Amino acid sequence: MPDTSATPTVEDMAPTHSSSADNSSPSGLRPDRFDRAGRDQLIDVHDLQAALPGIRGLRRWAHDALAVAPGESAVDIGSGTGSEVLVFADAVGPTGDAVGVEPDPNLLAGAEHRAAQHDSPARFVPGDAYGLPFGGETFDVALCERVFQHLTAPERAAREIARVLKPGGRVVVMDSDWGTAIVHPGDRRVVREVIETLITNTTNPFSGRRLPGLLTRAGLVVDDIGSHALVQDASAGAGALVARIAGMAEARGAITAAQRRELLAELEAGARTGDIHLSVTMFAVLAHKPR
């Protein structure tokens, strides 16, 4: 999959899956939605603006790569407000089945309402990535976006995906990798401590790079791997996420209050002059289940 370009804010990709209660936005997820034992106390849902050019681009690629056909069955694991399930429903047509799995009852209700508004046959069921409420070899297609970074046992989720796929079935799994975060300008030691604080406070921070191995060990065959560098627009300045994480780094004694203030001031100055770069990379993996 080729790289694409977009300018969302870095906090848009913060460790909080993609579903907001706003039906106009494609999915922001509470940090505890899929794994309460691995709860990320990092990002409030209000930091998320899910209708991003980058995410939309990756989703378009995912749907093209999955090539859902009429009559097939498709599932979105962590379906949020249901936007991608509606896309699946259009693709599979009246003889197919499009299902969203979502543990949050409020998001489930919102997705069902959205489907009704669109007169869509898409359906939604409660469930989580560790225990999909379906029998084995149920689906031709699966999608799972920004869920794995919240899981303490991502291997279990990968095995569940493999279990519910039919032989020959396809899946796209997408997630961020917080080890790829870049913050510029700023003192390199201070920046390193801020990024380390972000990584430490994310349940599965390197999920993006781990996806191919997880899916392979689950018995799937990886067909394509792509990446997308999500770069924050300079007009956002330091951004809420960096300010929050810098405060956490100060609280744990990794940097001083003066270093935090200096970093944020340098970033704001860089935003004014165009000398600023804040980004994180998201990875997408296309795989299939052998026949």
Side-chain angles (χ1 to χ4, degrees), residues 4 6 8 12 16-30 33-34 45-46 48-129 131-147 157 160-161 163-166 168-175 284 286 288:
T4 53
D12 291 326
T16 322
H17 185 55
S18 61
S19 349
S20 117
D22 178 2
N23 282 350
S24 66
S25 298
S27 66
L29 170 88
R30 289 206 322 260
R33 270 185 45 193
F34 283 96
V45 68
H46 299 296
L48 293 173
Q49 300 293 330
L52 303 173
I55 298 304
R56 289 198 301 268
L58 284 172
R59 286 175 174 172
R60 284 193 298 269
W61 177 86
H63 286 290
D64 288 344
L66 291 169
V68 179
E72 289 192 315
S73 55
V75 62
D76 183 7
I77 302 162
S79 54
T81 56
S83 62
E84 305 317 293
V85 188
L86 267 62
V87 176
F88 280 154
D90 287 341
V92 301
T95 60
D97 189 22
V99 188
V101 179
E102 171 59 52
D104 187 313
N106 293 323
L107 290 173
L108 272 177
E112 290 170 346
H113 178 68
R114 186 177 193 174
Q117 285 184 317
H118 288 80
D119 194 26
S120 171
R123 61 189 184 93
F124 300 88
V125 299
D128 61 44
L132 299 175
F134 310 105
E137 301 185 358
T138 299
F139 294 100
D140 298 290
V141 169
L143 176 67
C144 186
E145 179 194 322
R146 283 182 289 171
V147 169
E160 274 295 275
I161 291 172
R163 182 183 68 80
V164 301
L165 278 180
K166 296 177 182 178
R170 299 92 70 197
V171 62
V172 168
V173 184
M174 300 161 51
D175 223 316
L286 171 68
H288 73 273

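Quick note: residue numbers are just sequence positions, from 1. Because the structure is predicted, anything quoted here is derived from the model rather than measured.
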Between CG of Leu86 and NE2 of His118, what distance do you get to the nearest 0.5 Å?
6.0 Å

Can you tell me how far the CD atom of Gln117 sits from the CD atom of Glu112, to the nearest 0.5 Å?
12.5 Å

Hey, could you give me the OG1/CZ distance between Thr81 and Arg114, rounded to the nearest 0.5 Å?
4.5 Å

Shortest non-hydrogen separation from Pro126 to Pro133 and the atoms involved:
O-CG, 3.6 Å

Compare every heavy atom of Thr138 with every heavy atom of Gly135, then report the nearest pair and how far apart it is.
O-OG1, 2.5 Å

Report yes if the side chains of Leu143 and Val171 come closer than 4.5 Å at any heavy-atom pair, otherwise no.
no

Counting N and O atoms only, with roles assigned by atom type, does the side chain of Glu102 sit under 3.5 Å from a partner on the main chain of Gly80, one being a donor and the other an acceptor?
yes

Using side-chain heavy atoms (C-beta onward) and a distance below 4.5 Å, is Arg59 in contact with Glu84?
yes

Exercise: identify the closest heavy-atom pair between Ala122 and Val85
CB-CG1, 3.7 Å

State the OG-CG distance between Ser79 and Leu108, to the nearest 0.5 angstrom.
6.5 Å

Verify, without hydrogens or angle tests, whether Glu160 (side chain) and Leu132 (backbone) share a donor-acceptor contact under 3.5 angstrom.
yes

salt_bridge(Lys166, Asp140) N-O dist < 4.0 Å:
yes

Salt bridge or not between Glu72 and Arg170? Use side-chain N to carboxylate O under 4.0 Å.
yes

A side-chain contact here means heavy atoms from C-beta on lying under 4.5 Å apart; do Leu286 and Leu66 qualify?
yes

Is the shortest heavy-atom distance from the side chain of Val172 to the side chain of Trp61 under 4.5 Å?
yes

I want to check something: taking the side chain as every heavy atom from C-beta on, are Val101 and Phe124 in contact at a cut-off of under 4.5 Å?
no

Check Phe134 against Arg163 and note the closest heavy-atom contact, atom names and distance.
O-NH1, 2.8 Å

When every non-hydrogen atom of Thr95 is compared with those of Pro70, the smallest separation belongs to OG1-C, 4.3 Å

